[in-house]
Structures are given as C-alpha cells and as structure tokens.
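Structure first, then comments.
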Amino acid sequence: MSEHDDGGGTGGRDGSGPALTYTGAGATREGRFPPGFGRLRVRTRIGSGPAVFEAAAEAMLSWRMHRAMGVEITADGTRAEPGVRVVVGLGVGRLRLRAPCRVVWSEHGGRRAGFGYGTLAGHPQSGEEAFVVERADDGTVWLEVRAFSRPGVWWTRAAGPLVPPLQRLYARWCGVTLRRLTQKRR
C-alpha cells in the first residue's frame, strides 16, 4: 500500500511552496469538515470488481478523469501526489476560471484510492476537495467527492446560494465521467 501525506503544513513538497488559504489540511481524507465551511459529499456508483476499481483509481490519480470532463489541468506532476501544484481551468477562452491548488494527501492501496487538494491564493474558494474511489465488500466501486469550502473572493461571496448547486453538479459530473471511462472494465 502506498500512502502519502505532506503533513498538513502550508508549504510545498519541500515546505517552501505557496501557503494554503485555509487551515486543517488533510481533513477530507477521513471526511471531516471544519466549522465555518460549507460541506459537500456526493457519492456515485461507478461499477463493480477489482478491474473497475483499478481503472477508476488510475483515471482519477493521473488527472485523466478531470481532463475527460473537459477541465483544463496544468500540474507540475503526472499524478496526484502531495506537494504537486495544479491549476484547474473551468470554462472557455476569456471566461476560463483558473483555480490554483496543491495536493495535500493521496493514497492508493487495498480497496481505496484518492487524493485531496487545497486552495492556494487566486482560487475563488477557500478550502479542500477530495476524490476517493472505494471498492465495497460486495465489490461495488464508488466515487465519493467531498469538500469543504467558503468564498475566497468577492464574486463567489456575491454568488452566494448559486455556488453549492454548481459544486454538486461538478461532483456528479465527476462520477458520470469516471463511470464512462471505466465501462470497458465491467
């Protein structure tokens, strides 16, 4: 089993990277949510069996799931590992929103694989989001997207009640995309 964690500090891989915009790095690993943040938890059935689990884990940890969703990913690593900086781009052209993050934890082993990334300065939200693939005792493979966040800039504060439904839609889209990517493995 391979497990990685950057210790929840505020630096990069070597401790000298940019600071996260929140405290409590790594809380999404076990589904904890600190007070003062909105919460998100969306679970989607992907398929069943070890082959589906491995395909889903690989697609998620290699950024393939995100890219298949049409999300622009610029990362300083080919896999989601602690310390890797990633800029998530949503939208098109001049309307593309760029959201810088840093992977704060990752794991892949047994029946669970996942990672969580935290927001950096310039992200419209402040908080952490995790993507976790698990294979249940009955063989069913699930993707759970969990996050805690609060507005990080004036316009996400102004958008107020529109943000949570958009976050839920994005999380559901992750599940639909990952299921499509693993269909050949069923």
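Just so you know, these numbers come straight off a predicted model, no measurement behind them.
Shown here for Arg39 and Pro34, the closest heavy-atom pair between the two residues is NH2-O, 4.4 Å. Of all heavy-atom pairs between Leu61 and Gly114, the closest is CD2-O, 3.8 Å. Nearest heavy-atom pair, Leu120 versus Leu20, reported as atom, atom and distance to 0.1 Å: CD2-CD2, 3.9 Å. Nearest heavy-atom pair across Gly127 and Tyr22 is O-CE2, 3.1 Å. Here the closest non-hydrogen pair linking Leu178 and Ala59 is CD1-CB, 3.8 Å. Counting all heavy atoms, side chain and backbone alike, Ser106 lies closest to Phe115 at CB-CB, 3.8 Å.
In summary, the side chains of Trp63 and Thr78 do not present any donor paired with an acceptor at a separation below 3.5 Å, with no hydrogens or angles considered. Glu54 and His108 form a side-chain donor-acceptor contact under 3.5 Å, judged by distance and modelled atom types alone. At a cut-off of 3.5 Å, with distance as the only test, no side-chain donor of Glu128 or Tyr117 sits close to an acceptor on the other residue.
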Stepwise, does the salt bridge (Lys or Arg N to Asp or Glu O under 4.0 Å) test hold for Arg67 with Glu72?
-> CA-CA 6 Å; Arg67 288 184 172 120; Glu72 180 182 89; over 6 Å; no
Begin with the C-alpha distance, continue with both residues' side-chain angles, and end with the deciding distance and a verdict on side chain to side chain contact (heavy atoms under 4.5 Å, CB included) for Ser149 and Glu129.
-> CA-CA 8 Å; Ser149 65; Glu129 184 171 33; over 6 Å; no
Please lay out, stage by stage, how Thr21 and His123 fare under the test side chain to side chain contact (heavy atoms under 4.5 Å, CB included).
-> CA-CA 9 Å; Thr21 61; His123 195 293; 5.7 Å; no
Could you go step by step and tell me if Thr44 and Val176 meet the side chain to side chain contact (heavy atoms under 4.5 Å, CB included) rule?
-> CA-CA 8 Å; Thr44 306; Val176 167; 5.6 Å; no
Would you please test Val163 and Gln125 for side chain to side chain contact (heavy atoms under 4.5 Å, CB included) and show each step?
-> CA-CA 10 Å; Val163 175; Gln125 293 286 96; 3.8 Å; yes
Could you list the donor-acceptor pairs under 3.5 angstrom formed between side-chain atoms of residues 133-141 and any protein atom two or more places apart in sequence or on another chain?
| residue | atom | partner | partner atom | Å |
| --- | --- | --- | --- | --- |
| Asp138 | OD1 | Thr140 | N | 2.9 |
| Asp138 | OD1 | Thr140 | OG1 | 2.9 |
| Asp138 | OD2 | Thr140 | OG1 | 3.3 |

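Figure legend: Arg150 and Phe37 shown as a cation-pi pair, the cationic atom lying under 6.0 angstrom from the six-membered ring centre and within 45 degrees of its axis.
With hydrogens and angles ignored, the 3.5 Å screen pairs a side-chain donor or acceptor of Arg179 with a backbone N or O of Arg45. Under the 3.5 Å distance criterion, the side-chain polar atoms of Asp76 are matched with a main-chain donor or acceptor of Arg85.
Each of Met60, His66, Arg64, Met65 was evaluated against Ser62; a single residue qualifies, Arg64, per the side chain to side chain contact (heavy atoms under 4.5 Å, CB included) test.
A 4.5 Å side-chain heavy-atom check between Arg102 and Val84 finds every atom pair outside the cut-off.
Between Glu107 and Arg29 there is a salt bridge, since at least one side-chain N of the basic residue sits less than 4.0 Å from a carboxylate O of the acidic one. The residues Arg79 and Glu58 are annotated as salt-bridged, a charged nitrogen and a carboxylate oxygen being separated by less than 4.0 angstrom. Taking a cutoff of 4.0 Å between a charged side-chain nitrogen and a carboxylate oxygen, Glu144 and Arg146 qualify as a salt bridge.
At a threshold of 4.5 Å between side-chain heavy atoms, the hydrophobic network of Ile, Leu, Val, Met, Phe, Trp and Tyr places Val71 and Val87 in two separate groups. Hydrophobic cluster membership differs between Val52 and Trp142, with clusters built from Ile, Leu, Val, Met, Phe, Trp and Tyr side chains linked at under 4.5 angstrom.
Interatomic distance, CD1 of Ile46 versus CZ of Phe53, reported as 12.0 Å (0.5 Å rounding). Separating the CG atom in Leu143 from the CZ atom in Arg172 is a distance of 12.0 Å, to the nearest 0.5 Å.
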